[in-house]
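The structure under discussion appears below in the form of structure tokens.
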Amino acid sequence: MKGERDVGGIRCGELLAVLSDFVDGTIDPRLRRRVEEHLRGCDACERFGGVFAATVHALRERLAAPDAMDEATRQRLRRIPGDR
Amino acid sequence: MSDEAVLERGDAALIARAAGGDARAFEELVDRRSPSLFRYLRSLARREADAEDALQETFLAIWKEGKRQRAGGDARAWMFAIARNALFRLQRRRAGEPSDFEPLETLGSRAGWGAEISPEHIAARAQERELVAAALASLPEADRDVLLLRDVEGFSGEQTAEILGLTLANAKTRLHRARLRLTAELKRRIE
């Protein structure tokens, strides 16, 4: 990344590598504080982090509703014990 | 205990009863879990007919092999692993290999990392279900697989790794790269 910087004791490239752990809340607490400080001081990473988090959020919230399943398919599955 | 935790405990009990020949328990399991299994299979398979066939194979295996679900094991993850294996067996091919050879910075750049992007615009459009679904559908199978399990179905990192047959570290790497590719695909479709 052009203009990569060290902000909050962490470089932009290092932040990119841990972004999923940060979004998932599985990041080491000390590293989380450095990431938060970096995001506060680096516009480019703050912007990209927002888009990345929105993408993950969209997957979780928009696609998580069960698909409508054909009733005939469900009934065929329910009949499996009688078929064997 | 959360609703999902209660459901998962119920799954194990239903599987045990079905393994003992209780058809009513099996039917309840079908009603309870076939919609989410179908959603996963349909998104993974792309072709609805493959998803339906794999779903049939999945419940057939659950009925016949229910005794193999170990007591105290993760019943829901076990069912998803069966579904995944059924689909891949049906398609007569292995799961796509992760394309992990690309540098992370390259993936990030495609997704807009370091670029002049309009986060509000992309974030807003990313909430459109059809757009996200189309972007997801265009990704390689290995990417769709991990995103569906972890983000859509809500499995934990450990459960996702177990279903995929990966170490936790490898599953996390695959997930992160898949998310970056999805972000890039959304950006491409929006801009």
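Keep in mind that what you see is a predicted model, and the values were worked out from it rather than measured. Residue numbers begin at 1 in each chain, while the letters A, B, ... track the order of the sequences.
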Do the two ring centres, one from A:F22 and one from B:H176, sit under 6.0 Å apart?
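No, the ring of A:F22 stays outside the 6.0 Å limit from the ring of B:H176, centre to centre.
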
Enter the distance from [X]:[atom1] to [Y]:[atom2] here, rounded to the nearest 0.5 Å.
X	Y	atom1	atom2	answer
A:R74	B:F59	CZ	CZ	9.5 Å
B:L107	A:L16	CG	CG	8.5 Å
A:R60	B:E153	CZ	CD	13.0 Å

Between A:V18, A:D21, A:T26, which residue shows the highest count of heavy-atom pairs closer than 4.5 Å to chain B?
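When all of A:V18, A:D21, A:T26 are compared, A:D21 has the most.
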
Would a single hydrophobic cluster contain both B:W113 and A:V7, if residues Ile, Leu, Val, Met, Phe, Trp and Tyr are joined by side-chain heavy-atom contacts under 4.5 Å?
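No.
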
Which heavy atom of [X] sits nearest a heavy atom of [Y], and at what distance?
X	Y	answer
B:F26	A:L77	CE2-O, 3.2 Å
A:A58	B:V132	CB-CG2, 3.8 Å
A:A17	B:L104	CA-CD2, 3.4 Å
B:L60	A:I80	N-CD1, 3.6 Å
A:G13	B:E105	CA-OE2, 4.5 Å
A:P81	B:W63	CB-CZ2, 3.5 Å

Step-by-step side chain to side chain contact (heavy atoms under 4.5 Å, CB included) determination, A:T73 to B:Q56
CA-CA 8 Å; A:T73 301; B:Q56 181 83 13; 6.0 Å; no

Using the rule given for side chain to side chain contact (heavy atoms under 4.5 Å, CB included), can you reason through B:R179 versus A:T55, listing the C-alpha separation, both sets of side-chain angles and the distance that settles it, and then say yes or no?
CA-CA 8 Å; B:R179 284 172 171 173; A:T55 302; 6.0 Å; no

At a 4.5 Å cut-off on heavy atoms, which part of B:L136 comes close to chain A: side chain, backbone, both, or neither?
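Contact with chain A: side chain only.
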
Given that the side chain runs from C-beta out, which part of B:E27 has a heavy atom under 4.5 Å from chain A: side chain, backbone, both or neither?
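The answer is both parts of B:E27.
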
Test log, rule side chain to side chain contact (heavy atoms under 4.5 Å, CB included), inputs A:V51 and B:L186
CA-CA 10 Å; A:V51 171; B:L186 275 172; over 6 Å; no

Specify which of B:V30, B:L55, B:D31 makes the most heavy-atom pairs with chain A at under 4.5 Å.
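Top count of heavy-atom pairs under 4.5 Å with chain A: B:D31.
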
Are B:R150 and A:D24 close enough that some pair of their side-chain heavy atoms sits under 4.5 Å apart?
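Yes - at least one pair of side-chain heavy atoms lies under 4.5 Å apart.
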
